[in-house]
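To start, the structure under review is shown below, and the notes come after it.
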There are 2 protein chains.
Amino acid sequence: MRATIRDVAKAAGVSTATVSRVLNKPDMVDPETMERVRAAMERMAYQPSAIARGLSAKRSDTLGLIVPGITDFFFNELYKGIDRASQQNGMRVLLYDSEHSRERALDGFSILGGYQVSGIIFTSKLVTEDYDPILQRVGIPVVLTLTQSEARTPLPSFRIDEVRAMFDVVAFLVTRGHQRIGMIAGRQWDDKTGELRLEGYRKGLRHFGIEYNEELVEYGQYRFDDGYQAMQRLLEKQPNFHMTALCTASDEMALGAIRCLNDNGLHVPEDISVVGFDDLPLARMITPRLTTVAQPFAEIGEAAVSWLVRAVGREPSPSEIGDYLLPHRLVERESVRALGS
Amino acid sequence: MRATIRDVAKAAGVSTATVSRVLNKPDMVDPETMERVRAAMERMAYQPSAIARGLSAKRSDTLGLIVPGITDFFFNELYKGIDRASQQNGMRVLLYDSEHSRERALDGFSILGGYQVSGIIFTSKLVTEDYDPILQRVGIPVVLTLTQSEARTPLPSFRIDEVRAMFDVVAFLVTRGHQRIGMIAGRQWDDKTGELRLEGYRKGLRHFGIEYNEELVEYGQYRFDDGYQAMQRLLEKQPNFHMTALCTASDEMALGAIRCLNDNGLHVPEDISVVGFDDLPLARMITPRLTTVAQPFAEIGEAAVSWLVRAVGREPSPSEIGDYLLPHRLVERESVRALGS
DNA sequence: CCCCTTGATGTCAACGCTTTCATTACTATT
DNA sequence: AATAGTAATGAAAGCGTTGACATCAAGGGG
């Protein structure tokens with residue numbers, strides 16, 4: 001049986017309260033006593049029960065993280081930031097995978113609530129009005145990352161300016177001489193990101209006086225296979241292929257598209273330029289190295305955690321509940337070729 | 001404030017014990033009462049406190065997972081299996097990232113212990129004798145995945161037959177006409193996997209009467225950059241390059257090696273064949289699709305969980321504490337070229 | 001010399017559950 | 001009709017902490 005606070009107290013000849021104090025408010029216990037208690041703890045390999053502590057103190061120093069899918073390639077990067085920041089604030093992270101299901105996401109709030117988490121980070125799925133009831137009653141701060149909210153409960157969100165990012169991609173492509181620019185956009189039932197990026201694409205086109213052409217646009221759900229199939233459809237839609245550049249809504253889809261192109265005897269960037277979105281670690285590993293939009297995943301994770309840490313235990317002021325847009329960055333590598341002279 | 005069991009009890013006109021029973025032993029409560037209680041729960045959006053439950057019942061329905069690094073590419077696959085199996089057994093998973101540090105790994109046991117986890121899954125680092133003290137006193141079952149133990153405390157492990165797997169790779173290469181086969185092996189301070197795979201390589205060579213040649217072997221710590229640099233060194237070691245095939249200890253290193261080769265004007269598989277190890281999702285995404293050894297990550301995760309579930313609350317018999325070798329599989333794709341006629 | 005601080009410690013009631021044990025009201029057995 | 005089971009429920013004691021409050025000795029100001 002593990003040693004409890006009581007065992008330590010007895011061994012050190014003090015009360016449990018004192019032991020608790022050396023752990024939590026060290027400056028109000030006598031140095032000498034402290035030493036004795038510390039020694040006893042050491043000797044008995046005492047490890048305080050986080051469970052009991054959570055129950056008693058009504059805080060658990062734990063943050064809940066709800067992700068749609070653990071296998072989404074960006075997860076690791078985001079988690080890294082969250083974990084690092086949590087560490088620094090003496091918090092742990094409890095992970096919950098909603099498996100892209102709205103019901104499970106909803107459940108996530110209750111379940112994490114059952115663990116007394118001090119805050120919840122919700123990721124990459126649009127928050128709609130049907131989240132309101134749960135949001136109302138969780139009673140702990142919730143922040144959004146890589147997404148935003150359409151619910152009535154005000155929620156802070158940390159993300160990039162999607163529209164602007166994709167606009168930048170188009171602008172970049174245009175300065176490289178491209179005019180026939182296609183897109184594999186993202187589309188998923190509970191996702192707004194896809195629309196935003198598409199909007200950025202159209203806006204870019206418009207800004208440079210290029211006409212929007214349905215023929216050049218296809219959709220996918222962000223994963224590799226979606227990219228592959230979307231590219232396939234794109235190829236079929238225009239037998240006399242004359243697109244010179246392609247934007248995508250995710251690096252994974254970019255990979256899929258490239259694979260598909262290769263399978264059809266087309267080369268990147270010689271025959272067509274491709275730009276990704278996310279800047280996953282693998283973007284720099286493949287050949288050709290992928291030109292892409294870097295999302296500051298780690299920073300977003302850190303920002304979310306520190307917001308949460310600041311918010312715990314008090315009602316955040318309305319001015320703090322903003323839509324925080326972190327800077328993205330276009331990373332130029334090898335998958336885009338400059339056209340013309 | 002969230003509703004507690006007491007609130008529900010009052011609302012349903014029963015005692016808290018009864019409410020607890022409808023949750024935990026539904027068959028010993030009257031259907032009618034049950035209905036009333038259920039209704040009350042529903043009405044009040046009652047969510048039992050996992051914390052309180054854990055404290056009281058001394059089990060938390062939670063498994064602890066210690067991984068060396070969340071950004072290791074295989075993590076997601078392994079986690080998927082673990083999460084799925086946990087789900088099915090009504091368990092949650094608490095994640096702990098040791099950041100490749102032995103101290104932090106050691107801490108992990110205590111910390112997870114503080115959360116009353118019912119079992120711990122330890123991953124991909126060799127367990128040595130210095131783990132014995134903690135292992136002795138955690139008092140809950142521990143299983144190893146993707147690694148094994150050299151400690152005196154007997155621990156079950158779930159992994160593949162590394163030696164055999166790499167032997168198979170060599171055999172495969174030989175049947176494809178390769179003789180000058182190099183290797184980028186894995187090496188890390190607390191890792192035995194690397195040695196094992198190297199041993200498989202040497203064994204394979206020996207079996208086919210090929211002489212082992214230091215010149216053709218380099219080491220790395222499994223990541224992309226390690227692979228790149230190792231390849232670099234390989235290239236430098238033999239200016240008149242005549243290696244026709246390369247085994248690697250990880251897909252990531254294979255990617256790195258391929259990248260390096262490309263940067264030096266060499267093509268895979270035309271100029272040299274490469275085989276990876278792991279079969280990460282990205283192995284099929286890149287060009288050329290990577291021929292590699294598939295580790296059954298998900299199955300390993302599932303096996304570990306079900307072992308744990310079976311072991312919780314009882315002393316597992318020595319016969320159960322085995323070194324479980326799960327079947328690997330050589331996945332043939334496009335990165336190996338058949339030599340000669 | 002007494003009273004009031006102050007600092008260090010102890011006491012004890014929570015926290016929200018589970019779980020024994022006791023109680024009650026039936027039903028079956030003799 | 002008396003006794004023993006049995007099924008459904010309640011009362012209450014923890015589980016390992018924390019935190020409000022009480023206690024106590026030592027020191028300082030009047």
Side-chain angles (χ1 to χ4, degrees), chain A residues 1-38 40-41 44-62 110-111 113-118 139-140 313, chain B residues 1-38 40-41 44-62 90 110-111 113-118 139 313:
Chain A
M1 224 44 313
R2 321 168 50 93
T4 77
I5 199 174
R6 212 128 31 204
D7 303 326
V8 175
K10 198 170 302 172
V14 298
S15 75
T16 63
T18 301
V19 178
S20 172
R21 276 188 283 255
V22 350
L23 254 20
N24 304 300
K25 358 201 114 124
D27 37 319
M28 65 187 310
V29 24
D30 187 273
E32 210 170 295
T33 317
M34 182 105 153
E35 203 32 63
R36 264 201 344 271
V37 175
R38 282 257 163 78
M41 286 181 173
M44 321 180 71
Y46 169 69
Q47 172 72 28
S49 157
I51 297 274
R53 190 194 307 240
L55 181 59
S56 177
K58 324 196 55 147
R59 66 188 158 68
S60 63
D61 294 342
T62 302
S110 307
I111 292 183
Y115 280 89
Q116 294 274 18
V117 297
S118 339
I140 49 171
Chain B
M1 229 33 327
R2 326 167 47 95
T4 76
I5 200 176
R6 216 142 14 218
D7 303 326
V8 175
K10 199 171 300 172
V14 298
S15 75
T16 61
T18 301
V19 178
S20 172
R21 276 190 281 256
V22 351
L23 254 18
N24 303 300
K25 354 203 117 124
D27 38 319
M28 66 187 307
V29 23
D30 188 273
E32 210 170 294
T33 316
M34 182 106 153
E35 202 33 61
R36 264 202 344 270
V37 175
R38 283 258 164 79
M41 286 181 174
M44 320 179 72
Y46 171 67
Q47 171 73 28
S49 157
I51 297 276
R53 190 195 303 239
L55 181 60
S56 176
K58 323 197 56 145
R59 64 187 158 69
S60 63
D61 294 343
T62 301
S110 307
I111 294 184
Y115 279 89
Q116 293 274 17
V117 297
S118 338

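A note on names: the letters A, B, ... follow the listed sequences, proteins ahead of strands, and every chain is numbered from 1.
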Problem set entry | Residue-phosphate contact under 4.0 Å: B/Ser15 side-chain N/O, D/dG10 OP1/OP2 | yes
For this session: Examine the base of C/dT18 for any acceptor or donor lying under 3.5 Å from a partner atom in the side chain of B/Ser20, and report the outcome as yes or no.
Result: no
Exercise. Which part of the nucleic acid does A/Ala17 contact within heavy-atom distance under 4.0 Å: base, sugar-phosphate only, or nothing?
Worked result: base
Problem set entry | Heavy-atom side-chain contact between A/Arg36 and A/Thr33 under 4.5 Å | yes
For this session: Give, for atom CD of B/Gln116 and atom CD1 of B/Ile51, the distance between the pair rounded to the nearest 0.5 Å.
Result: 10.0 Å
Exercise. Touch check for B/Gly13, heavy atoms < 4.0 angstrom, all strands: base, sugar-phosphate only, or nothing?
Worked result: sugar-phosphate
For this session: Report the nucleotide, chosen from C/dT19, D/dG16, D/dT9, that has the shortest atom-to-atom distance to any side-chain atom of B/Lys25.
Result: C/dT19
Problem set entry | Which atom of B/Ala9 lies closest to which atom of B/Thr16, heavy atoms considered | CB-N, 3.7 Å
Exercise. Tell me: CD of A/Gln47 to P of D/dT17, nearest whole Å?
Worked result: 9 Å
For this session: Mind jotting down which residue pairs meet the side chain to side chain donor-acceptor pair (under 3.5 Å) criterion with at least one end in residues 23-32 of chain A? Sequence neighbours excluded, please.
Result: A/Ser20-A/Asn24, A/Asn24-A/Arg53
Exercise. Can you find an N or O donor on one side and an acceptor on the other, under 3.5 Å apart, linking the side chain of A/Thr16 with the base of C/dG10?
Worked result: no
Exercise. Side chain of A/Arg21, base of D/dG19: donor and acceptor closer than 3.5 Å?
Worked result: no
For this session: Classify the nucleic acid contact of B/Val19 as base, sugar-phosphate or nothing, counting any heavy atom under 4.0 Å across all strands shown.
Result: nothing
Exercise. So, is B/Tyr46 close to the C/dC17 phosphate, meaning a side-chain N or O under 4.0 Å from OP1 or OP2?
Worked result: yes
